[in-house]
Amino acid sequence: MSNSNKYKLREPQLEAEIYYLTEQEGGRKTAVNNGYRGQFHYNGKDWDAPQQFIDKETCNLGETVKVYLQTLSPDFHIGHFFVGQEFETREGSKIVGKGKITRIIRPDIAGASVPLVHTI
């Protein structure tokens, strides 16, 4: 497929790696394609966050894919993300992928990476 046909997000906010579970691990039955919109689950809630795959169009089950993520309600996420944060990709209540944020692209959605310490 040519680069001009690839799915592209308008304003990606995060970069992440996602491992897609095999059917035997309780995951999907079919591979995942670029543009996938499973539920982005973190802090006990599901959110919409389409995925743009980096350097591939299809992720076979049992593989890890690098992705850009774009939340569809970014104002609700301001200050909530950090590098290394884990999340799940779900279809309903079924976990189909496990991910980790590797880079924050939109700075205002980043939480404090170092806790504030007051010295006396």
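Quantities reported herein were computed from a predicted structural model and do not represent experimental measurements.
Qualifying salt bridge (Lys or Arg N to Asp or Glu O under 4.0 Å) partners for Asp108, counting only residues two or more places apart in sequence or in other chains: Arg106. Qualifying ring-ring contact (aromatic ring centres under 6.0 Å, His included) partners for His77, counting only residues two or more places apart in sequence or in other chains: Tyr42, Trp47, Phe81. Listed by chain and residue number, Phe53, Glu63, Val65 satisfy the side chain to side chain contact (heavy atoms under 4.5 Å, CB included) test with Lys56 (two or more places apart in sequence, or in another chain). Every residue meeting the side-chain hydrogen bond (donor to acceptor under 3.5 Å, both in side chains) condition with Glu25, not counting sequence neighbours, appears here in chain and number order: Tyr19, Thr22. Residues satisfying the side chain to side chain contact (heavy atoms under 4.5 Å, CB included) test with Gln52, not counting sequence neighbours, are Tyr7, Lys8, Leu9, Asn34, Tyr68. For Phe87, the ring-ring contact (aromatic ring centres under 6.0 Å, His included) partners at least two apart in sequence or on another chain are Phe40. Taking the side-chain hydrogen bond (donor to acceptor under 3.5 Å, both in side chains) definition, one finds that Glu91 meets it with Arg28, Tyr36, sequence neighbours left out. Glu15 is linked by a side-chain hydrogen bond (donor to acceptor under 3.5 Å, both in side chains) to Arg103, counting only residues two or more places apart in sequence or in another chain. Not a single side-chain hydrogen bond (donor to acceptor under 3.5 Å, both in side chains) links Gln70 to another residue, sequence neighbours left out.
When side chains are defined from C-beta on, Leu14 counts as touching Ile109, because their heavy atoms get closer than 4.5 Å. Under the 4.5 Å side-chain criterion, counting only non-hydrogen atoms from C-beta, His80 is in contact with Asn43. Residues Leu21 and Val96 are not in side-chain contact: their nearest non-hydrogen atoms beyond the backbone lie 4.5 Å or more apart.
Of the residues listed (Lys94, Gln51, His41), the one engaging Thr89 in a side chain to side chain contact (heavy atoms under 4.5 Å, CB included) is Gln51, and it is the only one.
Of all heavy-atom pairs between Asn60 and Ala31, the closest is OD1-CB, 3.9 Å.
Taken to the nearest 0.5 Å, the CG atom of Leu61 stands 6.5 Å off from the OG1 atom of Thr30. How far OG1 of Thr64 is from CD of Glu17: 6.5 Å, rounded to the nearest 0.5 Å.
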Task: side-chain hydrogen bond (donor to acceptor under 3.5 Å, both in side chains) between Thr71 and Gln13, worked out - done: CA-CA 7 Å; Thr71 63; Gln13 299 145 354; 2.7 Å; yes
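With hydrophobic clusters built from ILVMFWY side chains whose heavy atoms lie under 4.5 angstrom apart, Ile104 shares a cluster with Phe76. There is a path of hydrophobic side-chain contacts, each under 4.5 Å, that joins Ile78 to Val83.
For residues 31-55, there are no salt bridge (Lys or Arg N to Asp or Glu O under 4.0 Å) pairs, not counting sequence neighbours. Sorted by first and then second residue, the salt bridge (Lys or Arg N to Asp or Glu O under 4.0 Å) pairs involving residues 64-73 (not counting sequence neighbours) form an empty list.
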